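This report refers to the structure that appears directly beneath it.
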Amino acid sequence: MMMSLAWLLLVSLAYVYTHKAISPEMLLAVSKNIWVLILAVSLLGLCGGLGRKILNRFVFPHPASLSYEESTNAFSMFAWPLAIGLGIFSLLVLLAGVFIAVNIWVFGLLTLALLIWLWRQVAEFWRQVGQTWRGLAPAQGPEKAMAFFVAVILLLNVSVALAPPLAFDALVYHLTLPLRYLQQGQITYLPEIMFWGMPQLAEMAYLFMLALGGESAPAVLGWLLGGLTLLALGDYLRRKFDRPTAWFAIAALLSGFTLSRLLGAAYLEWFLLLYALVWWQLLEKIYAGAGGRGDVLWFGVVAGLALSLKYTAGVLVLLGGLALLFQPGGNWRRNFSQAFLFGALATLVSLPWWIKNLAFTGNPFYPLLFPAGAMDAIRYDFYHNIPTILTWLQAVGLPWYITIWGVDGKVGPSASIGPLLLTFWPLAYLGWPGWAASQRRSLRLATFILLGGFALWVLAAFQNGLLVQTRLFVVLFPVWAVLAAAGFAYAIQLKAASVRLGRIALAIVLLFLSFNLFETLSEVLPKRSLEHNFGLLSDDDYLVRNLGDLYAASETVQQLPHGSRVVMLWETRSFYCAPVCDPDEVIDRWYHEARLHATAPEIQTAWLEQGYTHMLIWESGFEFVRDFDNAKFNQRDWLLLAELRETLGLGQQIGSYTLYPLR
């Protein structure tokens, strides 16, 4: 027996020694990816557990007495605890970063303390997630077909998330801000990045992940949170309609390339979708009369946490206040009291971010409202006075405009959201006679919220051309998905003569899901992120392939002598050269300098006095602004730049970038 076992082990070990199936690079890459996934699961579990602890304490003091169904309905499964806990956790990171330090030891101790305190709640949170999936798991052909496309899209995007970050705004500020905090060891004012003044609830979670998991960890967290948000949306609509309708809603959000791409991009949109979904569920509960003053309180908390993600999430505060004020029943005293409480709570919850801005810049809403800090009057005018491209015809037909003419990366709405939300929305009203009273109430309220949201979107877009972008108002999409899901639920029941409209509806859903799958494949496969995930492509090779000259220029900047500082022109992405380089974050640096100084030597002297040693110009960006986006510039600006170039000499060419020493 022992001889046989020894022989089996000997041959096996000898073969493995001479035939290495897994190289050290592959083992290292896979191990790192597993660690990052474990870290993302742990953080969201901690947040969900923290949220459960808070809700148990303030909503249901004796959760042990609740049945599973009562607990499920009370917490709307796991979405409410996750949203509440994530907001509290981000505030803990902010406080630690401002008053203690930002490093792996502080975050490690914070994690350990929370795990010891919350391990039971964390386990219960993930049990609820599993229970939710079992209730939503596809059982029939149409559901399985939609689930297949959804699964492939999710897997392709996690491969991008596990690789080094590439997405534009992530390299501008979503990840650059947390990276700079880590480099400084503390959360403090960063005048070189104007977006520092934006609310940073998600960036605090990204900071934690970046410290413990490296540069790919934040995107993996965003991907997992996006998956949980889809699961929560599906579970909500399964209980409201049925399982095929739930899978339709998930498919509707993933039928557009932009939202699916952002799953792996370390952006904010899926955080916003989570909070908007919980916000809607609370509002629906208030309107149903099933809740009390406590629901209004949590309604305000969730709206405040959404506002802590992005300024434009303030649309939820405005719409929530109006919805409470105009509740049916005519009890104006109650309505006003609830609306006031809601607004006060939303303001209070988001207050830490305004206090941070006020303390460092003197403007609680920096960089908005008025010049302050690094945003002087010249920069303020450049950034905020952007003419709109929206016409009145487009404004009236905004849903059509953003759906049909919104293309990812193009001017205007700049997002491909898929056609399913627009296609099935009107059908919700055709099925009106067949809906139950509770469903009619929800659809009526959802219509008010969606149309009111579109109206606010139009007003904002007319004030500033940047605000026409769809991503800025993604908080409206869960409500839109509810209306479209109702339309789908009606469509699949229809039959005219021998034609079943349900089959046509399902074919349309699968068609556009497949379109997005192919678009995702064409985006992901050329990046070779799958090869990187398995250690077949190094970080450097991956970044050179996908960022090209930007990464080469960033590497060159990082190799400059100690003490160098580089001022960038027409390049906003500084993640891979921080902290040596200061980005041209809103493409206004040269505009600003040309109005502060009369001559090129004055600009050069001013930069030297500020500690800059080099200037890096992205030639492609400069040429695009000069030739196509030059409304705010004049001929003197270009002559001044040419004069400075001549003074500094030829410079070092790095692909489409030119690096000049300022001395």
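The analysis underlying the following values was restricted to heavy atoms, covering all of them including side chains, and did not include hydrogens, waters or symmetry mates. Bear in mind that the values here come from a model prediction, so they are computed numbers and not experimental data.
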Q) Relative to each other, are the rings of Y657 and W618 parallel, tilted or perpendicular (30° and 60° limits)? A) parallel
Q.
Taking Y576's backbone N and O only, do any of them form a donor-acceptor pair with Q558's side chain (distance below 3.5 Å, no angle check)?
A. yes
(Q) For the residue pair Q200 / Y181, report whether a side-chain donor-acceptor contact shorter than 3.5 Å exists. (A) yes
(Q) Is there a side-chain contact between V475 and L273 in this structure, where contact means two heavy atoms from C-beta onward sitting under 4.5 Å apart? (A) no
Q.
A quick test of your reading: do over 12 heavy atoms of other residues, nucleotides or ligands sit less than 6.0 Å from CZ of F448?
A. yes
(Q) Using ring centroids (six-membered ring only for Trp), state whether Y206 and F271 fall under 6.0 Å. (A) yes
Q. Is there a side-chain contact between S337 and W332, using heavy atoms and a 4.5 Å cut-off?
A. no
Q) When the ring planes of W590 and W570 are compared, do they come out parallel, tilted or perpendicular, using 30° and 60° as the limits? A) tilted
Q) Is any side-chain heavy atom of P583 closer than 4.5 Å to a side-chain heavy atom of R573? A) no
Q: Please lay out, stage by stage, how D637 and R626 fare under the test salt bridge (charged side-chain N to carboxylate O under 4.0 Å, His left out).
A: CA-CA 10 Å; D637 298 328; R626 182 194 60 193; over 6 Å; no
Q: Would you mind reporting whether V468 and T388 have side-chain heavy atoms less than 4.5 Å apart?
A: no
Q: Flag the pair W353 / Y366 as yes when their ring centroid distance falls below 6.0 Å, and as no otherwise.
A: no
Q) Taking the six-membered ring of F473, is NZ or CZ of R471 closer than 6.0 Å to its centre and within 45° of its axis? A) no
Q) Should we say atom NZ of K410 is surrounded by more than 12 heavy atoms from elsewhere, each under 6.0 Å from it? A) no
**Q.** Ring centres under 6.0 angstrom apart (F89, F208)
**A.** yes
Q: Would you confirm whether the ring centroid of F370 sits within less than 6.0 angstrom of the ring centroid of Y380?
A: no
Q) Between E585 and R379, is a salt bridge (charged side-chain N to carboxylate O under 4.0 Å, His left out) present by the stated rule, with each step listed? A) CA-CA 11 Å; E585 50 179 343; R379 298 193 68 199; 3.0 Å; yes
Q. Taking the six-membered ring for Trp, are W457 and F462 ring centroids under 6.0 Å apart?
A. no
(Q) Run the side-chain contact (heavy atoms from CB on, under 4.5 Å) test against L351 and tell me which residues pass, sequence neighbours left out. (A) L348, W354, I355
Q) Considering only heavy atoms from C-beta outward, does the side chain of Y173 approach that of L190 to under 4.5 Å? A) no
Q) Do V98 and K356 come close enough that some side-chain heavy atom pair is under 4.5 Å? A) no
Q) Heavy-atom count around E602 CD within 6.0 Å, excluding the residue itself: above 12? A) yes
Q) Quick check, are the ring centers of W480 and F454 under 6.0 angstrom apart? A) yes
(Q) In this structure, is the centre-to-centre distance between the rings of Y267 and H174 below 6.0 Å? (A) yes
Q) With no hydrogens and no angle check, is any side-chain donor or acceptor of E269 less than 3.5 Å from a backbone partner on L262? A) no
Q: Kindly check if the number of other-residue, nucleotide or ligand heavy atoms within 6.0 Å of CD (E646) is above 12?
A: no
Q.
Taking the side chain as everything from C-beta on, heavy atoms only, tell me whether D408 gets closer than 4.5 Å to R261.
A. yes
Under 3.5 Å, sequence neighbours excluded: what are the donor-acceptor pairs made by side chains of residues 396-405?
| from | atom 1 | to | atom 2 | distance (Å) |
| --- | --- | --- | --- | --- |
| T403 | OG1 | P399 | O | 2.7 |

Q) Can you check whether T605's main-chain N or O pairs, donor with acceptor, with H597's side chain at less than 3.5 Å? A) no
(Q) Please determine whether a side-chain nitrogen of the Lys or Arg among R645 and E619 lies less than 4.0 Å from a carboxylate oxygen of the Asp or Glu. (A) yes
Q) Are T572 and D584 close enough that a side-chain donor and a side-chain acceptor fall under 3.5 Å? A) no
Q. Is there side-chain contact between T470 and F477, with heavy atoms separated by less than 4.5 Å?
A. yes
Q | Lys/Arg-Asp/Glu bridge criterion (N-O < 4.0 Å) met for D582, R589 | A | no
**Q.** side-chain contact (heavy atoms from CB on, under 4.5 Å) between L86 and Y275, worked out
**A.** CA-CA 10 Å; L86 184 61; Y275 281 98; 3.6 Å; yes
Q | Check: F360 ring centre within less than 6.0 Å of W196 ring centre | A | yes
